[in-house]
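Worksheet: one structure, shown below.
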Amino acid sequence: MAVQETGVVEAQVEKNEKEKIPGTDSPRGVLEIPVTGTDSDSSSGSCGSSSSPEKSTPQRAVNRESGGWKSMIDSIKKKSVVRRFSVIPLLTNYELTKKNLWKKLGRLQIPEDDDADDGGSVPIVRHSWKNFDFAELAAATDNFNSENLIGKGGHAEVYKGCLPDGEVVAVKKIIKNAKEDEERISDFLSELGIVAHINHPNAAKLIGFSTENGFHLVLQFLPHGSLSSLLFGSTECLEWTIRYKIALGIAEGLQYLHHDCHRRIIHRDIKASNILLSEDYEAQISDFGLAKWLPDNWSHHIVFPIEGTFGYLSPEYFMHGIVDEKTDVFAFGVLLLELITGRRAVDSRRQSLVIWAKPLLQTSNFKELVDPRLADAYDLAEMKRAMLTASVCIHHLSTMRPQMTRVLQLLRGEGGQTDLKPKPSARRTVILDGSDEEYSSTCYLKDLNRHMQLALE
Ligand SMILES: Nc1ncnc2c1ncn2[C@@H]1O[C@H](COP(=O)(O)OP(=O)(O)OP(=O)(O)O)[C@@H](O)[C@H]1O
């Protein structure tokens, strides 16, 4: 998909990108935290707090991790044909020395709190990650038996497994596809770097990893699988109370990633197949393969190539590659529409849910919008709030979309619903061809149609 260069983007980012200001290299994962200080610099990459973390020296910490990061990095280094840190993208000009790697990986360690961090010489390790041997994963999954295959995406096969202590896990095996080894390694490190830092009930939980015979993430197993299979792949109708609970869970997870996490994390691929469901239908945001973190002093990030899933892509992203929190807000709006209507983001006739739903939302056409399988079995107030929230989240102008904190309030019916007009944003992302206002909803729908045809041809 081509990126048009006509959009005027915020000066700060252009400046950073032109001048390559230290500390503003565009990061993809937490492992890619640009080095701004000396070798003793050690700002933490933590997003959450681990349970009762212990202080230890880096060496002690690694030993406790059954092989730990050192063996992972050593094995990655062996696999990589390059000896430079460029295996982790955008950190070119940076030698892949053991010392530097230690520093980067030190940032995967979770401090008790920021104040307790003494500047990095004493990083603190979360206990629970494990560096698995391949044999352990093979035993857990019965040699990656196809009967244990529970999911397959563009980049990975996911197997159900059982560890010797009885814990049921999901083993995500990164598959070889068109990507070069180097790119797969960096994708893996990027996903690992992010997933290892997040700590929230509505986001994926990392149990461990393995870099033997390929790359593997070991994650908590979610018994109900993906929202996609539940909503679209089952003959049973998913009841509204569950749909509403799922919507709230995803919104809370996104609020955490965008605002409450130590780093601003943009997921970039929010969609029904990336939402997993626990026994009691608690939603977990999974698949951080495309996720990016944004430094605080960046308004947004410009990416190429544009990756993600058609039907969920915001206009400023699919037209200009602009990524910020509002990218996820838009996708969340589409997901809400899927929950309300029971229709896919893009259906088998290649019709966009957003294009179909927009006029119906404007006229509050419940009869047409609400999933017919629900009949009248839904709470009207919740449904109204979900529709209102969806309609503001899918606004074609990113500045008109609310932040996730406000999205949650809208969904819960808190904070009044009168101030839907956006406040001037500190992080104004996109100015399209001179004026936001000139870029009307009609233009957007035309663009969307055009891009859809191009993408699906
Ligand atoms: N922890 C888990 N528990 C249960 N099922 C899971 C788990 N993780 C993944 N799956 C299943 O595997 C599928 C593929 O996983 P995932 O989305 O992580 O793969 P991917 O190749 O990165 O996907 P994509 O093509 O979106 O990049 C999911 O849609 C889900 O059905």
Side-chain angles (χ1 to χ4, degrees), residues 28-29 128-129 132 137 140-141 144-163 167-179 183-196 198 200-210 214-234 238 246 249-250 253 266-292 303 305-313 327-328 331 334-335 338 344-346 455:
R28 277 194 64 203
S128 51
W129 304 325
F132 286 89
L137 298 187
T141 57
F144 294 90
N145 192 321
S146 57
E147 281 182 18
N148 289 325
L149 186 68
I150 48 174
K152 190 169 176 175
H155 308 98
E157 285 172 352
V158 183
Y159 293 84
K160 185 176 176 180
C162 186
L163 299 179
E167 186 176 11
V168 182
V169 292
V171 180
K172 181 168 174 173
K173 179 182 181 184
I174 312 299
I175 49 175
K176 280 194 189 259
N177 51 20
K179 288 195 173 178
E183 216 181 328
R184 274 190 312 121
I185 293 168
S186 70
D187 284 356
F188 172 76
L189 285 177
S190 177
E191 182 167 5
L192 178 63
I194 285 187
V195 87
I198 53 182
H200 191 269
N202 297 111
K205 268 180 202 51
L206 181 71
I207 292 167
F209 57 86
S210 168
F215 298 104
H216 308 85
L217 293 176
V218 182
L219 300 152
Q220 184 185 34
F221 172 73
L222 277 284
H224 282 300
S226 77
L227 172 60
S228 173
S229 57
L230 226 68
L231 193 57
F232 308 121
S234 163
L238 189 61
I246 292 170
I250 305 166
I266 318 299
H267 185 280
R268 254 203 327 151
D269 201 14
I270 291 296
K271 59 178 176 181
S273 60
N274 284 341
I275 304 301
L276 303 179
L277 301 163
S278 72
E279 191 97 65
D280 56 352
Y281 298 96
E282 196 62 63
Q284 252 191 32
I285 298 170
S286 79
D287 191 358
F288 287 78
L290 293 185
K292 288 189 175 291
V303 299
I306 291 162
E307 296 172 278
T309 306
F310 213 83
Y312 295 90
L313 305 184
T327 315
D328 287 346
V334 180
L335 206 48
E338 293 188 309
R344 290 178 187 271
V346 176

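Residue numbers run from 1 in the order of the sequence given. When a ligand or atom number is given, it counts from 1 through the structure's own listing order.
Annotation: the span from I275 atom CD1 to S286 atom OG amounts to 7.0 Å, rounded to 0.5 Å. Rounded to the nearest 0.5 Å, atoms NE2 (H216) and CD1 (I174) are 8.5 Å apart. Between the CD1 atom of I250 and the CG atom of N202 there is a distance of 8.5 Å, given to the nearest 0.5 Å. Distance check, rounded to the nearest 0.5 Å: CZ of F232 to CG of L230 gives 10.5 Å. Once rounded to the nearest 0.5 Å, the distance linking CG of L217 with CZ of F288 reads 11.5 Å. Note: K160 NZ to E147 CD = 12.0 Å, rounded to the nearest 0.5 Å.
Not a single N or O atom of L276, backbone or side chain, sits closer than 3.5 Å to an N or O atom of ligand 1.
Listed by number with element, the atoms of ligand 1 under 4.0 angstrom from any heavy atom of D269 are 26 (O). The distance from ligand 1 to the heavy atoms of N274 drops below 4.0 Å at these ligand atoms: 17 (O), 26 (O). Of all atoms in ligand 1, listed by their number and element, those nearer than 4.0 Å to a heavy atom of G154 are 21 (O), 23 (O), 24 (P), 25 (O). Interface of A156 with ligand 1, defined as ligand atoms under 4.0 Å from a residue heavy atom, comprises 21 (O). Atoms of ligand 1 lying under 4.0 Å from at least one heavy atom of K271, given by number and element, are 26 (O).
Neither the backbone nor the side chain of T309 comes within contact range of ligand 1; no heavy atom lies under 4.0 Å. Only backbone heavy atoms of Q220 (N, CA, C or O) come within less than 4.0 Å of ligand 1; its side chain stays farther off.
When side chains are defined from C-beta on, L219 does not count as touching L276, because their heavy atoms never get closer than 4.5 Å. At a threshold of 4.5 Å between non-hydrogen side-chain atoms, the residues L137 and K173 do not count as touching. At a threshold of 4.5 Å between non-hydrogen side-chain atoms, the residues Y312 and I270 do not count as touching.
Between the choices L222, D287, V171, the shortest heavy-atom distance to atom 4 (C) of ligand 1 belongs to L222.
Looking from atom 18 (O) of ligand 1 to the surrounding protein, the closest heavy atom is K172 NZ, 2.8 Å. Atom 15 (O) of ligand 1 has its closest protein heavy atom at V158 CG2, 3.5 Å. In terms of protein heavy atoms, atom 27 (O) of ligand 1 is closest to H155 ND1, 2.8 Å. The protein atom (non-hydrogen) at minimum distance from atom 12 (O) of ligand 1 is G151 CA, 3.3 Å. Looking only at heavy atoms of the protein, atom 5 (N) of ligand 1 is closest to I150 CD1, 3.5 Å.
We find that D287 and K172 are joined by a salt bridge, their nearest charged nitrogen and carboxylate oxygen being less than 4.0 Å apart.
Under the 4.0 angstrom criterion for non-hydrogen atoms, S273 is in contact with ligand 1.
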